[in-house]
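I have placed the structure first, in the form of structure tokens, so that the comments after it can refer back to it.
Counting begins at 1 with the first residue of the sequence. When a ligand or atom number is given, it counts from 1 through the structure's own listing order.
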Amino acid sequence: MERRVAERLRGALGPLGLEPHAFKVGWYNAVVQPAFHLPYPEDTLAFVILSTPSMFDKALKPFVKKERSKIIRDPVDQCISYHLSRVKEKFPDQRVDVMFDYEILPSRKPKFLAQTAAHVAGAAYYYQRKDVKHDPWGKKKIYGVCIHPKYGGWFAIRGLLLFPDIQVLFLEQPAPVDCVSTEEKRIELLEQFNFHWQDGRYRDIIEVKERYSEEQRVYFATPPAERFRLLGLTQEAQRIEFQ
Ligand code: B12
């Protein structure tokens, strides 16, 4: 069952530069505090969805071209939400719940912790402060970061697909690839992610197979309000205004 769902998801999402990784809700709930638990039985089948560097060309650009008049909020968020909702249609006999990385609960906590989900699914190792033995940071708050074996830090964790009707008893948990294995490299990674994330160097902490293009880097480095202009969306808006 799990295999068939996974294959169908890979078929639908792969060509868009999106990567689904299966996990059981129980794996996730076992490590996070109760306040972050996903409200499903522990054998429930779920997938964490990553966007890889090619998402920009394979999904975002065509989406913007086709749906430009309908884009009213963040184009990437809207594009991902469009495609994950369409994937639901591929499973008409099943309930499929979708959660997005940017969704917040009334308690103001994120609906799910993307990095923990990626780690427990074996998609990308989540390096946290506690993965460093002798840390030099004292009282400073240090955020953790996931590194993907192929894309380093050049990816994002976009959402979860949950299948409440599918309980999986025998799913084997794959360990994420520990690609930043030395103490020194882990310290360097966490320092770059926390204190110099704007320069993006943390993303190249390992040798990567593929990274964001110059165009995509400029896009994400641009303040959200100006991204429309880069995608050629404001001209359209002006035309409508002046009609
Ligand atoms: C809020 C938020 C922020 C806040 C606060 C960050 C934080 N980590 O708290 C701010 C605004 C500072 C921020 C900044 C950035 N962010 Co941010 N942010 C988030 C967001 C929405 C929620 C994170 C959160 O609230 N965590 C809560 C804390 C408590 O979680 P935690 O520390 O992981 O603790 C849990 C784990 O330790 C777990 N746990 C316990 N034991 C164990 C053991 C194991 C083995 C495991 C796996 C887990 C585990 O249990 C704890 C909870 O009980 C996520 C998306 C999401 N929905 O998850 C993106 C996210 C973390 N951000 C991301 C990024 C890229 C950034 C920025 C670079 C900006 C950007 N968007 O480009 C900067 C970099 C940080 C910096 N230097 O400032 C990416 C990280 C990708 C990656 N490769 O890891 C995410 C995942 C978004 C995404 N869609 O990909 N962010």
Does the protein place a non-hydrogen atom closer than 4.0 angstrom to atom 14 (C) of ligand 1?
no
Among all the protein's heavy atoms, is there at least one whose distance to atom 6 (C) of ligand 1 comes out below 4.0 Å? yes
If you scan protein heavy atoms around atom 65 (C) of ligand 1, the nearest is Y202 OH, 3.9 Å
Protein heavy-atom contact under 4.0 Å for atom 11 (C) of ligand 1?
no
Looking only at non-hydrogen atoms, the one of F112, F220, W197 nearest atom 68 (C) of ligand 1 is W197
- Query: With hydrophobic residues grouped by side-chain heavy-atom distances under 4.5 Å, do M55 and W154 end up in a single group?
  - Reply: yes
Margin query: Between E183 and R186, does any side-chain N to carboxylate O distance fall below 4.0 Å?
Written below: no
Heavy-atom proximity to atom 66 (C) of ligand 1, picking from F155, Y127, F193, points to F193
Item to complete: Measure the acute angle between the ring planes of H21 and H148, then classify it against the limits of 30° and 60° as parallel, tilted or perpendicular.
Response: perpendicular
Query raised in the report: Would D135 and K140 count as a salt bridge (Lys or Arg N to Asp or Glu O under 4.0 Å) if you check the C-alpha gap in whole Å, the side-chain angles of each, and the deciding distance to 0.1 Å?
Result: CA-CA 11 Å; D135 84 52; K140 281 195 198 128; over 6 Å; no
Atoms of ligand 1 under 4.0 Å from any heavy atom of T116, numbered from 1 in the order shown, are 36 (C), 38 (C), 48 (C)
ask   = For I157, is at least one N or O under 3.5 Å away from an N or O on ligand 1?
value = yes
* Could you tell me whether atom 62 (N) of ligand 1 has at least one protein heavy atom nearer than 4.0 Å? => no
### Message
So for L113, does at least one of its heavy atoms come nearer than 4.0 angstrom to any atom of ligand 1?
### Response
yes
Among V31, D77, D101, the residue with a heavy atom nearest to atom 21 (C) of ligand 1 is D101
- Task: Establish whether atom 17 (Co) of ligand 1 and some protein heavy atom are separated by less than 4.0 angstrom.
- Result: no
Taken to the nearest 0.5 Å, the spacing of L189 CG from Y127 OH works out to 8.0 Å
Atom 52 (C) of ligand 1: of F36, Y28, W154, the nearest heavy atom sits on F36
Near Q33 (heavy-atom distance under 4.0 Å), the atoms of ligand 1 are 53 (O)
For N194, the atoms of ligand 1 under 4.0 Å from one of its heavy atoms are 77 (N)
Within the supplied structure, the quantity of interest is the number of heavy atoms (other residues, nucleotides, ligands) at a distance under 6.0 Å from E207 CD; does it exceed 12?
no
Measure from the ring center of F91 to the ring center of F163 and say whether it is less than 6.0 Å.
-> yes
Quick check on atom 76 (C) of ligand 1 - does any protein heavy atom sit closer than 4.0 Å to it?
yes
Only residue of Y28, F23, Y125 satisfying ring-ring contact (aromatic ring centres under 6.0 Å, His included) with H119 is Y125
Do the side chain of Q94 and the main chain of I166 share a donor and acceptor less than 3.5 angstrom apart? no
Protein non-hydrogen atom below 4.0 angstrom of atom 2 (C) of ligand 1 present = no
Item to complete: Give a yes or no on whether atom 46 (C) of ligand 1 lies under 4.0 Å from any heavy atom of the protein.
Response: yes
The atoms of ligand 1 lying under 4.0 Å from a heavy atom of A156, numbered in the order shown, are 90 (O)
Original post:
Is the shortest side-chain N to carboxylate O distance from R4 to E7 below 4.0 Å?
Top reply: no
Under 4.5 Å between side-chain heavy atoms, counting indirect links through other Ile/Leu/Val/Met/Phe/Trp/Tyr residues: same cluster for F220 and L230 or not? yes
Over 60° means perpendicular and under 30° means parallel, so classify the ring planes of F100 and Y102, tilted if in between. parallel
side-chain hydrogen bond (donor to acceptor under 3.5 Å, both in side chains) filter on Y40, not counting sequence neighbours, yields D97
Is there any N or O on Q115 that sits under 3.5 Å from an N or O of ligand 1?
yes
In this structure, CG of L160 is separated from CG of L84 (nearest 0.5 Å) by 10.0 Å
| message | For the 3.5 Å polar cut-off, considering only N or O atoms, please tell me whether Y143 and ligand 1 meet it. | response | no
Nearest non-hydrogen protein atom to atom 41 (N) of ligand 1, with distance, is K130 NZ, 3.0 Å
* With the threshold set at 4.0 Å, does a side-chain nitrogen-carboxylate oxygen contact exist between K150 and E19? -> no
Under 4.0 Å from one or more heavy atoms of Y126, ligand 1 contributes atoms 31 (P), 32 (O), 33 (O)
Checking heavy-atom distances from atom 34 (O) of ligand 1 to each of Q192, K141, H148, Q128, the winner is Q128
Heavy-atom proximity to atom 25 (O) of ligand 1 ranks first, among C146, P110, A114, for P110
